[in-house]
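Owing to the predicted nature of the structure, the values given are computational and were not obtained by experimental measurement. Here is the naming used below: chain letters follow the sequence lines, and residue numbers restart at 1 for every chain.
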There are 2 protein chains.
Amino acid sequence: MRKDAVHNRERLLRAARSLFADRGLDVPLEEIARTAGVSIGTLYNRFPTRQALVDAVFEDRMAVVARLAEEALTADDAWDGFVAFLTGVCELQAADLGYNDVAVRGAAAGDPAGGYSLMRRIVDRAHASGQLRADVTLEDMAFVTWGIAATVRATFRVAPGAWRRHLALTLDGLRASAASDSRPLPVPPLTPEQTAVLMPECG
Amino acid sequence: MRKDAVHNRERLLRAARSLFADRGLDVPLEEIARTAGVSIGTLYNRFPTRQALVDAVFEDRMAVVARLAEEALTADDAWDGFVAFLTGVCELQAADLGYNDVAVRGAAAGDPAGGYSLMRRIVDRAHASGQLRADVTLEDMAFVTWGIAATVRATFRVAPGAWRRHLALTLDGLRASAASDSRPLPVPPLTPEQTAVLMPECG
DNA sequence: CCGCAACCTGAGAGGCGCCTCACCTTCGTT
DNA sequence: AACGAAGGTGAGGCGCCTCTCAGGTTGCGG
C-alpha cells in the first residue's frame, strides 16, 4: 500500500472513531470523509463497505474484552470477577456510542470464539462458587448487554453514568440470593442457536 | 367531518396500527397510505404530522396503563401489584413494536400526569410494605422500560416471550432482599428533571 | 528522470422518504 | 338538480444518503 494511502486510511479511522463514539454507528459516510479531510471516493477506496470501516475501527475491542475476561478469571472471588467483567464491558459501551451499537446489533469483527468461551468460563466459575444464581445461563448475559445498551443510549448526553445504577440493580438480580425469594424463571433461556442469530459475533 | 373522510381516517388508523405493531414506529408513511388503500395526500389531510398519527394510534394505551395501575393498587399484596403492573406494561410493549418504540422515546399522547402519579403510588405502596428495596426510586422504573424494550426489539421475531425471563431477573433485582447482599447503589437515581427530558410523557 | 500503477477526486446517478399543491371528485345542503 | 365546500389524488420537488467512475494526480521502482 502506498504511503499516502496509509496516511489517509489512518485519518479516516481517526475521524470514524471519533464520530462513531459520540453519534453511534449511523453517521453519514460523507461526514466521516469530510472530517478526515478526504474525499468520499477515498473512503470507498479504503473501506468498500460501511461494515469494513466499522470492523477496522472496533478491531481492538474484542481483544480488550478478551483481556477483561482473562483478568476476571484471575480474580480471587468468582463473583467479583463476574462483576468486574460485566462492568468492564459496560464501560466500553458507555464510553463509545459506536461500540454500544456494535454490542447490540451483532456487528463486530475480530476474534469471536475467543471472548465467548472465556465468558462461559466466567459464568461457570461464578456458578461453581454458588454466587451466581443457578437458573441463569450464559445466554442470559445478552439481556444485560441489551439493557445497559438501551440505558446508555438514552442517558448518554443527559446523565452519563446512570447506567452504573442500572447495572448494579441488574447484577443484584443475578445473585444466587435473588433467586431464593423468587418463583422459577417463567420461560427457558435463549437457545445457543437463537443467541447465534441475535448476536452473531458470539457464534 | 364528511363521511368519506371519517371512513378514510379509520382505514388509515387500521393500517397504521398493524404496520406499527410489527415493524415499529419508523414505517414509511407512503406504505401506510398504500396499505390503507388511500393516497399519501389523504394521509396528510387527516394527519398533518407523523406524530399526529402516532398519537391517534396509541391514544388508547395511556388509558390501558392507567387501568393496569389502578388494578395494581387494589391487589392484596403490594409487591404482587407492583409486579402485575410492570408485567402488564411490558406485555403491551411485547405485543406491539410500535408501542415498544413509544415507550422508549417519550412519544405518547393522552393523559400524562395521570399514569405517572398512579405509578408513584404503586412504588410507594411497595416501599411501604417493605418488599421493594428502599434505595430504588420511581425514576429507576425507566431502566425497566428501556431494558425490556431492548430485549423485546431484539427477540421479537426470534424468541417472543424471552422478555419475560429478562423481566423476572430484573424484578428479582428490585426486591428488598436483593439489596441486603449488595453494596449501596453506585450513583444517585435520575432526577425528576432528567426523567422529564428522557421520558416527556411522564412529566 | 521516466513511466506506470496506485491513488485521489468530486460530480452525479440512483434510491428512499417526506411533504406540497394544483387539479379533480364527491358529499351534503338548499 | 345544482353548487360550494370538503376531500382525494399523485406527480414532483426536496433533502439526505449511498455508491460509482472517468479523469486528473502522485508515489515509487527502475
- Query: To the nearest Å, how far apart are B/H7 NE2 and C/dC27 C1'?
  - Reply: 15 Å
- Query: For B/L12 and D/dG7, what is the distance between atoms CG and C1' respectively, to the nearest whole Å?
  - Reply: 13 Å
- Is the backbone N or O of A/V158 less than 3.5 Å from a side-chain atom of A/T155, with the two atoms forming a donor-acceptor pair by type? no
- Task: Would you kindly give the CG-to-C1' distance between A/L43 and C/dC7, to the nearest whole Å?
- Result: 14 Å
- Query: If only side-chain N and O atoms of B/N8 are considered, is one of them under 4.0 Å from the OP1 or OP2 phosphate oxygen of D/dG8?
  - Reply: yes
- Interatomic distance where OH belongs to A/Y44 and C1' belongs to C/dG12 [whole Å]: 14 Å
- Task: Rounded off to whole Å, could you give me the CD1-to-C1' distance for the A/I40 and C/dC7 pair?
- Result: 16 Å
- Query: In whole angstroms, how far is the P atom of C/dC19 from the CD atom of B/Q51?
  - Reply: 12 Å
- Item | Side-chain (A/T87) to main-chain (A/V83) donor-acceptor, under 3.5 angstrom | yes
- Does A/R46 put a side-chain nitrogen or oxygen below 4.0 Å from OP1 or OP2 of C/dC8? yes
- Item | Nearest-nucleotide pick for B/A5, side chain only, options being D/dG8, D/dG10, C/dT9 | D/dG8
- Report yes if a side-chain nitrogen or oxygen of B/S39 is closer than 4.0 Å to either non-bridging phosphate oxygen (OP1 or OP2) of D/dG10; otherwise report no. no
- Query: Does A/E71 come within less than 4.0 Å of A/R67, counting only side-chain N to carboxylate O?
  - Reply: yes
- Message: Give me the atom names and distance for the closest heavy-atom approach of A/G81 to A/A75.
- Response: CA-CB, 3.7 Å
For nucleotides 15-17 of chain D, give me every protein contact, N/O to N/O, under 3.5 Å, one pair per line with atom names.
none

- Could you tell me whether B/D172 and B/R175 have a side-chain N and a carboxylate O separated by less than 4.0 Å? yes
- Whole-Å distance, A/E10 CD to C/dC8 P, equals 13 Å
- Query: Among A/R23, A/R61, A/R17, which residue meets the salt bridge (Lys or Arg N to Asp or Glu O under 4.0 Å) test with A/D96?
  - Reply: A/R61
- Message: I need the CZ-P distance between A/R34 and C/dG10, as an integer number of Å.
- Response: 13 Å
- Query: Do the charged groups of B/E70 and B/R121 touch, with an N to O distance under 4.0 Å?
  - Reply: no
Set out, line by line, the N/O atom pairs under 3.5 Å between protein and nucleotides 26-30 of chain D.
from, atom 1, to, atom 2, distance (Å)
D/dT26, O2, A/R2, NH1, 3.0
D/dT26, O2, A/R2, NH2, 3.4
D/dG27, O4', A/R2, NE, 3.4
D/dC28, OP1, A/K3, N, 3.2

- May I ask you to say whether B/R153 pairs ionically with B/D101, meaning some side-chain N is under 4.0 Å from a carboxylate O? yes
- Mutual orientation of the aromatic rings belonging to A/Y99 and A/F58 [parallel < 30°, tilted 30-60°, perpendicular > 60°]: tilted
